[in-house]
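Everything on this sheet refers to the single structure shown next.
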Amino acid sequence: MALVVQKFGGTSVATSERIMAAARRAIRARQAGHQVVMVVSARGDTTDELIALAREITEDPPAREMDMLLSTGEQISIALMAMAVQSLGWPAISLTGAQVGILTDRFHTKARIRTISTERIQRLLRDGYIVIVAGFQGVDEADNITTLGRGGSDTTAVALAAALDADLCEIYTDVDGVYTTDPRLVAEAQKIARISYDEMLELASVGAGVMHSRSIELAKKYNVPIHVRSSFTDAEGTWIVAHSPELEQQVVRGAALVRDEARVTVEGIPDDPAIVHQLFARIAEQNIVTDMIVQNVSREGRNQVSFTVSRSDLKSALALLREIAREVGATEVHSEEDVAKVSIVGAGMRTHSGVAERMFAALAAEGINIKMITTSEIKISVLIDRHRAVEALRAVHRAFDLGLKRDTDDGQPPRQRPTEPVRADRQESLASIVQQLPGMEAIVVSDIVVDRTQGAVTLFDIPDQPGIAARIFSRIAETGSIVDMIVQNVSREGTTHLSFTVPRPDLHRVEAALTPLLQELGGSLRLAPDIAKLTLEGVGMRSHTGVAARMFEAFHDAGIRVSLINTSEVHISIAIAEAQAAEAERRLRTAFGLPAAKTVNY
Ligand code: ASP
Ligand code: MG
């Protein structure tokens with residue numbers, strides 16, 4: 001006997017026939033001997049209609065009353081679902097978020113779950129009930145109804161699965177799984193059989209929004225296996241599970257596009273770590289979510305920092321940055337609005353070389369210029385002109401054969417919760433940190449990893465034209481070296497700087513391979529052999545603003561200079577001088593409440 005949470009989205013409960021079909025599905029699981037908790041969304045467009053109704057009354061509806069209103073959509077669904085199950089002869093009971101005891105913080109319309117009490121559900125399950133819970137809602141400490149943000153029923157479902165220690169969380173929806181990219185943009189897109197939490201998070205943040213990101217963060221924290229599948233068929237969908245080695249066999253699992261990005265750049269920032277800290281702290285204070293953060297190596301004592309924000313935040317970000325620039329004596333603030341971000345994601349990037357090269361070559365073949373590059377362990381993102389975005393997405397999708405059907409990936413459900421041995425201790429240390437969290441959805445920085453094996457290469461003043469990055473990385477690929485962090489920032493007067501890290505022993509080979517190319521292209525090269533790469537691993541790094549700010553704060557009065565930075569959904573990586581690595585790690589551990597580093601004996 002297993003405990004299963006089944007979540008049905010809005011389209012899966014839109015009509016009475018579909019409600020009956022969902023009820024039959026739950027009953028089938030019950031007949032197979034499982035305990036079943038159903039989580040349901042509001043029917044069809046109910047939530048949109050309620051929002052429209054509120055706007056007819058007032059432009060600016062108070063958030064508390066908005067939650068009172070929106071929570072009714074799910075309440076209709078649970079009542080109808082309980083009737084449906086009972087009409088088929090099975091015991092069922094509907095419960096609101098408050099009745100279940102889903103306690104949230106008090107931020108109306110975007111509340112985060114703190115705790116869930118499970119006694120009542122557990123008792124009902126033992127008595128043979130199918131328990132039907134309203135998604136998307138909870139209550140705060142003062143018993144006000146709260147909602148979790150649009151799409152929040154996924155988060156309710158996974159949180160319940162975690163709290164009840166369920167064996168599985170099934171997400172029934174109107175698509176049959178997660179795809180290698182948006183099938184509306186790329187016809188060859190294929191359903192993915194199996195994907196890790198981290199890959200899914202990196203893809204979700206870049207636009208493959210099949211599920212609420214917060215639900216995947218919870219699944220990762222509590223190791224809840226998820227099966228996303230169609231409510232209209234019995235076909236296998238996509239399994240979202242913990243990382244396992246066989247997931248690395250495929251280098252790239254998916255590609256994604258974010259269209260509405262805007263880039264802001266601050267030029268000529270005095271090279272003082274306190275200033276960079278101030279900049280990010282004040283951006284975070286305004287709740288502006290920064291995405292690709294790129295800080296270029298400084299020259300002549302001045303730095304350049306760029307980051308992308310969503311287009312809707314551009315105006316407020318610019319106003320704030322101009323103010324800061326004036327105060328700290330930065331020379332210029334500028335922005336670019338018509339940009340889009342294309343990313344590839346895959347756990348196999350950790351262990352395969354030539355991935356960046358292949359991506360850049362695909363873009364070069366289309367004559368698409370790369371305006372900015374940033375990477376994580378399992379993701380490479382480039383910023384390009386928006387009008388070429390879909391072509392770029394198609395080109396990279398093709399370059400990694402993502403349109404091919406894969407029979408190695410057989411789509412069989414994992415027999416047990418897969419955790420790779422080397423990663424098992426990570427999952428364990430995550431679990432022990434999660435136990436001490438103030439709330440289920442609180443931010444987690446679960447580990448800091450220090451890597452002293454790499455050196456950095458910076459190419460200054462190379463031409464900012466299509467195909468240059470492809471040529472550079474194809475030369476590097478010929479040396480067989482595995483490139484890790486890559487950072488390229490905004491061009492000035494037609495040239496740009498590009499930095500990347502490679503294993504230290506490879507530095508001179510890479511230099512030798514690039515020197516003839518630089519003679520042809522123009523530009524110069526600098527090696528930095530004694531850097532350390534520090535990676536903050538965690539959950540919710542991007543959706544909670546201020547992680548980067550907290551990191552810079554930890555450094556600012558110690559004179560620790562961050563020479564490269566890469567940010568993503570699950571990592572923040574920085575390069576600093578190796579001599580400062582121990583101090584930097586100690587400070588970060590304190591800032592993020594992590595235990596002191598274990599001493600490793602070699
Ligand atoms: N009904 C809510 C919405 O439409 C929550 C959900 O469907 O997940 O956003
Ligand atoms: Mg939904």
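Throughout, residue positions are numbered sequentially from 1 according to the sequence presented. All ligand and atom numbering here is 1-based and tracks the order in the structure. Just so it is clear, the model here is predicted, and its values are computed rather than measured.
If you number the atoms of ligand 1 from 1 as listed, the ones under 4.0 Å from a heavy atom of G151 come out as 3 (C), 5 (C), 6 (C), 8 (O), 9 (O). Heavy-atom proximity to E74, at under 4.0 Å, picks out these atoms of ligand 1: 1 (N), 2 (C), 5 (C). Interface of S41 with ligand 1, defined as ligand atoms under 4.0 Å from a residue heavy atom, comprises 6 (C), 7 (O), 8 (O). Within ligand 1, counting atoms from 1 as listed, the ones closer than 4.0 Å to a heavy atom of R150 are 3 (C), 4 (O), 9 (O).
By the 4.0 Å heavy-atom criterion, G10 is excluded from the residues contacting ligand 1. Residue contacts with ligand 1: H212 is excluded, as none of its non-hydrogen atoms falls under 4.0 Å.
Within 6.0 Å of the OH atom in Y129, the count of heavy atoms belonging to other residues, nucleotides or ligands does not exceed 12.
With respect to the salt-bridge test (charged N to carboxylate O, under 4.0 angstrom), the residues R229 and E236 do not qualify. The pair K379-D198 fails the salt-bridge criterion, with no side-chain N (NZ, NE, NH1 or NH2) lying under 4.0 Å from an Asp/Glu carboxylate O.
Of the possible polar contacts, one joining the S71 side chain to the D67 backbone as a donor-acceptor pair under 3.5 Å is found.
Backbone and side-chain nitrogen or oxygen atoms of D154 are examined, and none is located within less than 3.5 angstrom of a nitrogen or oxygen of ligand 1.
Partner of D338 under the salt bridge (charged side-chain N to carboxylate O under 4.0 Å, His left out) criterion, out of R386, R388, R259: R386 alone.
Checked against the 6.0 Å centroid threshold, Y172 and F232 do not count as a close aromatic pair.
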